[in-house]
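Here is the structure we will look at, set down as structure tokens.
Proteins get letters first, then strands, A, B, ... in listed order; numbering begins at 1 in each.
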There are 2 protein chains.
Amino acid sequence: MYSIQEVSKKTGLSAHTLRFYEKEGLLCHVERSPGGFRQYTDEDLEALGLICCLKNTGMSLQEITRFVQLTHAGEQTLKERVELLREHRENMIARIAEMQKYLDKVTWKVNFFSEKLRAYEEKQQREAQ
Amino acid sequence: MYSIQEVSKKTGLSAHTLRFYEKEGLLCHVERSPGGFRQYTDEDLEALGLICCLKNTGMSLQEITRFVQLTHAGEQTLKERVELLREHRENMIARIAEMQKYLDKVTWKVNFFSEKLRAYEEKQQREAQ
DNA sequence: TATTGACTTAGAGTAAACTTTAAGGATTAA
DNA sequence: TTAATCCTTAAAGTTTACTCTAAGTCAATA
């Protein structure tokens with residue numbers, strides 16, 4: 001059992017954000033202590049892990065909420081969930097490919113400017129003599 | 001020479017956004033026709049290509065503006081520009097690695113749910129008989 | 001017991017990057 | 001010439017995902 005602060009540290013999400021996620025239906029059924037404090041389980045942490053994974057790869061909170069709700073709706077939503085994840089996976093692959101393409105461009109630029117810089121510094125050297 | 005609409009089509013940025021970028025100092029010195037219409041050159045398109053590359057890999061417009069301003073300031077900013085690009089390149093590499101890690105996780109999830117779905121559908125089949 | 005830390009609701013504020021609107025006038029291509 | 005495109009300024013609106021505040025109460029830890 002983890003307090004909201006512990007979970008905040010583990011996930012990197014603020015306590016505010018954790019409560020916000022719960023209110024929005026991203027994370028459901030968080031247990032409470034007799035006094036009403038949230039007590040997160042390892043399962044909750046796992047769920048949060050998936051939420052962060054989807055979020056950090058470009059899925060909107062709205063879509064994540066949809067996915068979570070489907071999960072709670074039971075087996076008959078398995079097909080839709082698989083489709084949803086598959087599609088997201090395709091997007092991720094496309095995104096990685098795009099990033100790779102951009103990386104090549106930036107690498108080229110870095111080399112280009114580095115060479116220019118080298119030439120410039122050499123010129124400075126000569127002029128200083 | 002391209003009109004704002006042509007550039008909009010080529011870059012995928014709206015005419016509004018192109019004017020907005022110009023106002024913000026992201027793209028400077030766009031030529032004008034005698035009547036005052038913007039006339040983009042191939043160089044402008046190239047500059048826009050770099051802007052989109054940086055933007056789509058997570059650089060903020062503010063940082064991009066800074067880079068563009070440095071470029072206009074001449075050779076003595078070469079070092080800073082190289083540093084800026086190098087750092088961005090490191091971020092990109094880290095981001096791609098992170099995405100790859102998340103992709104593994106999502107792939108695992110897809111397979112896991114696919115298997116569950118297969119089992120579920122088999123069960124449905126049996127029950128239908 | 002004293003001091004943190006947690007709880008609630010409800011709403012306001014923030015940041016980025018656009019996007020839209022409005023109003024009126026000028027230019028360009030067919 | 002006429003329809004389509006472009007220009008300007010200035011400001012308001014949009015979206016997402018938080019982030020913060022307030023006010024008052026309650027719980028947990030040393």
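Phosphate proximity of C:dA6 to A:Gln5: present, with a side-chain N or O under 4.0 Å from OP1 or OP2. Dashed line: the shortest gap from a side-chain N or O of B:Ser3 to OP1 or OP2 of D:dT5 is not under 4.0 Å.
Note that the CZ atom of A:Arg81 and the NZ atom of B:Lys109 stand 10.0 Å from one another [nearest 0.5 Å]. If you take CG on B:Leu70 and CD on B:Glu83, they are separated by 10.5 Å, rounding to the nearest 0.5 Å.
Spacing between atom OH of B:Tyr21 and atom C1' of C:dC18 amounts to 8 Å, rounded to whole angstrom units. B:Tyr40 has its OH atom 11 Å from the C1' atom of D:dC6, to the nearest Å. Here D:dC18 presents its P atom at 13 Å from CG of A:Leu27, a figure rounded to the nearest Å. In this structure, CE of A:Met59 is placed 15 Å from P of D:dT16, rounded to the nearest angstrom. In this structure, CG of B:Asn56 is placed 14 Å from C1' of C:dC18, rounded to the nearest angstrom. Taking atom CD of residue A:Glu24 and atom P of nucleotide D:dC18, one finds them 10 Å apart after rounding to whole Å. Rounded to an integer number of Å, the gap from B:Gln39 CD to D:dC7 C1' is 13 Å. Summarising the geometry, the separation between CD on A:Glu63 and P on D:dT16 is reported as 10 Å, rounded to the nearest angstrom.
The residues A:Arg118 and A:Glu115 are annotated as salt-bridged, a charged nitrogen and a carboxylate oxygen being separated by less than 4.0 angstrom.
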**Message:** With side-chain hydrogen bond (donor to acceptor under 3.5 Å, both in side chains) as the criterion, how do B:Asp44 and B:Thr41 come out once you've worked through the C-alpha distance, each side chain's angles and the decisive distance to 0.1 Å?
**Reply:** CA-CA 5 Å; B:Asp44 292 328; B:Thr41 63; 3.2 Å; yes
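Comparing D:dT5, C:dT8, D:dT8 by their closest approach to the side chain of A:Arg38 singles out C:dT8. Nearest nucleotide to the B:Ser33 side chain, out of C:dT8, C:dT20, C:dT28: C:dT28. For B:Lys55, counting side-chain heavy atoms from C-beta on, the closest listed nucleotide (D:dC20, D:dA17, C:dC18) is C:dC18.
Of the two residues contacting DNA chain C, namely A:Arg19 and B:Phe20, the nearest-nucleotide position lying further toward the 5' end is that of A:Arg19. Nearest-nucleotide positions on DNA chain D for A:Ser14 and A:Gly36 put A:Ser14 closer to the 5' end. Checking B:Gln62 against B:Phe37, the closest nucleotide of DNA chain C that is more toward the 5' end is the one next to B:Gln62.
Across all non-hydrogen atoms, the minimal contact from B:Leu50 to A:Lys105 is N-NZ, 4.1 Å.
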